[in-house]
Amino acid sequence: MANYEEIFKKVVAHAKEYGFIFQSSELYDGLSAVYDYGPNGVELKNNIRKYWWKSMVNMNEHIVGLDSAIFMHPTTWKASGHVDAFNDPLIDNKDSKKRYRADVLIEDYVTKLENKIEKEVKKAAKRFGDSFDEKQFVSTNGRVLGYNAKCQSIRQRFSEAMSQNNLADIKELIEELAIVCPVSGTKNWTDVRQFNLMFKTQMGSTADGATDLYLRPETAQGVFVNFLNVQKTARMKIPFGIAQTGKAFRNEIVARQFIFRMREFEQMEMQFFVRPGEELKWYEHWKENRMQWHLSLGIDKSYFRFHDHDNLAHYANAACDIEFKFPFGFKELEGIHSRTDFDLKSHQEHSGRKVQYFDPEINESYVPYVVETSIGLDRMFLTILSHSYKEEEVNGENRLVLSIPPQLAPVKAAVLPLTKKHGLPQKAREVMSLLQADFNCQYEEKDSIGKRYRRQDAIGTPYCITVDHQSLEDNTVTLRDRDTMGQERISVNELHSTVSKKVSLRNYL
RNA sequence: GCGAGUGUAGCUCAGGGGUAGAGCAUCACCUUGCCAAGGUGAGGGUCGUGGGUUCAAAUCCCAUCACUCGCUCCA
């Protein structure tokens with residue numbers, strides 16, 4: 001196959017052409033980095049979610065589910081660190097096209113000044129030897145005094161500007177200090193802009209009575225604030241987990257690569273609560289467990305790898321990604337984080353209520369530690385879609401097939417009368433009615449049989465069931481396999497159980 | 001967000017100041033009947049959007065939106 005970029009483009013085009021994914025609001029020229037799922041897309045997406053949920057919740061008696069609201073009390077996001085940690089003032093250099101955090105540029109500048117002070121002090125210390133008194137020197141030396149005062153005034157001005165949200169003054173400061181871009185060496189700066197990754201909205205219809213709310217940037221916090229509710233009502237004992245799927249929203253500066261990075265996306269997260277000190281054991285357990293889940297979908301393990309985080313986020317003491325080899329390279333698909341007791345403890349502090357678990361085994365109350373698994377449903381969708389897209393040559397013709405794992409395929413079986421005549425459609429409808437309550441089926445009688453097979457291949461339908469003249473005589477049909485294109489003739493009576501063997505989720509759990 | 005490129009029918013594209021074309025796809029009918037593209041006919045576009053220049057703009061200019069690539073950010 002050609003280069004990966006070409007293939008990715010084809011996958012994107014294919015997704016639209018066959019009703020998997022449309023750009024949001026396309027009628028109005030589209031909305032950046034927001035996408036809609038079409039008829040086949042929603043089936044596939046639902047199937048992936050269901051597969052995750054069943055294997056995570058239903059097959060695991062120590063994990064229960066939750067569906068918390070997108071809106072949460074604003075303090076939630078103070079407690080989680082989202083409000084403070086993601087409010088960086090950014091500035092671009094127009095020549096190098098590099099982007100910097102304005103606070104970092106200024107801090108670097110101040111640090112340089114401080115280095116100068118240190119140098120002066122060291123030099124003086126060498127010169128005066130034992131008689132050198134640093135305090136005395138610093139308070140009397142004009143140069144050092146000047147540097148010191150400057151550092152202080154810069155810092156003060158910066159923090160004042162930040163607290164007043166005065167971005168123009170921060171730019172002015174950068175210009176006054178004549179800070180240059182480390183790459184281009186120029187002072188050709190854009191304005192300073194604030195990027196907050198959370199979407200803001202208001203609750204309450206009158207302007208003065210409205211409360212500012214955020215759309216949740218992750219589903220996890222809904223689990224944390226419900227920890228005690230769930231633990232008590234479901235009578236869970238540590239270690240146990242709470243799983244949740246749902247939409248999350250991030251105001252990405254640049255969101256691209258199709259559905260890989262969207263502003264509105266869906267997460268499938270599980271928070272596992274453990275005894276303090278046991279978190280790393282469980283972290284390893286879930287690393288392994290999640291990788292196995294991915295491999296259970298039949299994708300070769302060379303497409304996956306772990307990526308351990310070196311720079312840990314503010315809440316974690318161990319973290320890694322499971323990366324998948326997308327057409328545009330290895331990229332994060334799922335994260336496994338040991339979040340310590342950061343979240344529960346923080347909610348305990350901000351709410352003023354105890355968020356603790358009494359462990360009867362050790363007769364102790366404690367704030368549990370958390371190991372989180374967090375996967376993007378849309379990314380999983382893209383994993384399946386891009387990996388299953390295949391161009392094959394059959395009898396000198398191109399065949400486009402989506403080899404989607406059968407249990408995830410949007411359409412499980414297509415029922416096709418060989419011709420539109422001689423009562424074949426009637427018989428086909430009969431066959432259809434035997435299956436459609438349990439499997440998503442399609443009925444098609446238009447176009448030649450070969451063309452219909454190819455159409456089903458293109459949306460990844462595992463089975464095509466063809467009703468021909470013999471069907472009327474002996475109640476048999478042919479069952480065509482998507483991957484081998486081989487056919488076998490089977491009795492209509494066996495159809496349901498045969499199809500079920502291959503496409504039912506239960507056979508893969 | 002910055003820079004470059006792109007935007008004409010569902011898709012792939014041609015046209016290049018005088019008021020829109022092809023192939024494929026779609027729909028109807030006929031024909032064939034187990035691995036796509038046989039026949040006949042039909043529908044579908046104010047050429048991304050808004051403004052300007054002009055007697056006249058899809059075509060030239062400006063703005064804007066979206067997409068692609070590079071940079072940047074990413075819990």
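Chain identifiers are assigned alphabetically (A, B, ...) following the order of the sequence lines, protein sequences preceding nucleic acid strands; residue numbering begins at 1 within each chain.
The gap from the C1' atom of A22(B) to that of G18(B) amounts to 22 Å, rounded to the nearest Å. Comparing the C1' positions of U53(B) and C73(B) gives an interatomic distance of 42 Å, to the nearest angstrom. Rounded to the nearest Å, the gap between the C1' atom of A14(B) and that of G7(B) is 15 Å. Comparing the P positions of U49(B) and A9(B) gives an interatomic distance of 10 Å, to the nearest angstrom. Rounded to whole Å, the separation between the P atoms of C24(B) and U72(B) comes to 46 Å. Nucleotides G23(B) and C62(B) place their C1' atoms 36 Å apart, quoted to the nearest Å. One P atom belongs to C11(B), the other to C67(B), and the distance between them is 15 Å to the nearest Å. Spacing of C1' atoms, U26(B) relative to A37(B), comes out at 14 Å, to the nearest Å.
In this structure, Y283(A) has no ring pair (Phe, Tyr, Trp, His ring centres under 6.0 Å) partners at least two apart in sequence or on a different chain.
Judged by the 6.0 Å distance and 45° axis criteria, R49(A) is not positioned over the aromatic ring of W52(A). Both tests do not hold together for R339(A) against Y369(A): distance to the six-membered ring centre under 6.0 Å, angle to the ring axis within 45°. Cation-pi geometry between K45(A) and Y37(A) is met: under 6.0 angstrom from the ring centre, within 45 degrees of the axis. With F260(A) as the aromatic partner, R379(A) meets the cation-pi criteria of under 6.0 angstrom to the ring centre and within 45 degrees of the ring axis. The side-chain tip of K325(A) points at the ring of Y303(A) from less than 6.0 angstrom away and within 45° of straight on.
A straight line from NZ of K10(A) to P of U68(B) spans 18 Å, rounded to a whole angstrom. The nearest whole Å value for the distance from the CE atom in M198(A) to the C1' atom in C74(B) is 14 Å. Atom-to-atom, CZ of R455(A) to C1' of U26(B) comes out at 11 Å; the value is rounded to the nearest Å. Atom CD in E332(A) sits about 9 Å away from atom C1' in A75(B), given to the nearest Å. Q257(A) has its CD atom 15 Å from the P atom of C73(B), to the nearest Å. In this structure, E444(A) places its CD atom 13 Å from C1' of U26(B), rounding to the nearest Å. The nearest whole Å value for the distance from the CZ atom in F258(A) to the C1' atom in C69(B) is 17 Å. To the nearest angstrom, P of C74(B) lies 20 Å from CG of L333(A).
Aromatic ring centres of Y18(A) and F20(A) lie farther apart than the 6.0 Å criterion allows. For F273(A) and F227(A), the ring centers are positioned less than 6.0 Å apart.
The two residues S346(A) and A79(A) come nearest to each other via the heavy atoms OG-O, 2.5 Å.
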Subject >> Reading 5' to 3' through nucleotides 6-11 of chain B, protein heavy-atom contacts under 4.0 Å coded B for base, S for sugar-phosphate only, - for none >> reply: ----SS

**OP:** Could you run through nucleotides 31-40 of chain B and give me one letter per nucleotide, 5' to 3': B if any protein heavy atom sits under 4.0 Å from the base, S if only the sugar-phosphate is that close, - if neither?
**Re:** S-BBBBB---

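Screening E264(A), E269(A), E218(A), E266(A) against K247(A) for a salt bridge (Lys or Arg N to Asp or Glu O under 4.0 Å) leaves a single residue, E264(A). A side-chain contact (heavy atoms from CB on, under 4.5 Å) with S388(A) is found for one member of V401(A), L44(A), V11(A), L402(A) and no other, namely L402(A). Of the listed residues (R452(A), K451(A), R399(A)), just one forms a salt bridge (Lys or Arg N to Asp or Glu O under 4.0 Å) with D457(A), and that residue is R399(A).
Between R261(A) and the phosphate of A75(B), there is no side-chain N or O to OP1/OP2 separation shorter than 4.0 Å.
No contact: K331(A) has no heavy atom under 4.0 Å from any strand.
Nearer the 5' end of RNA chain B, as judged by each residue's closest nucleotide, is the contact made by L31(A), out of P217(A) and L31(A).
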Enumerate all atom pairs, one protein N or O and one N or O from nucleotides 41-45 of chain B, separated by less than 3.5 Å.
none

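Applying the ring pair (Phe, Tyr, Trp, His ring centres under 6.0 Å) definition to pairs two or more places apart or across chains, those involving residues 441-469 of chain A are H422(A)-H469(A).
For the strand RNA chain B, secondary-structure stems (runs of at least three Watson-Crick or G-U pairs, all distances below 3.5 Å) span B:1-7 with B:65-71, B:10-13 with B:21-24, B:26-30 with B:38-42, B:48-52 with B:60-64.
Looking at R429(A) and V415(A), their side chains never come closer than 4.5 Å, going by heavy atoms from C-beta outward.
Around the CZ atom of F71(A), the shell of radius 6.0 Å holds no more than 12 heavy atoms that belong to other residues, nucleotides or ligands.
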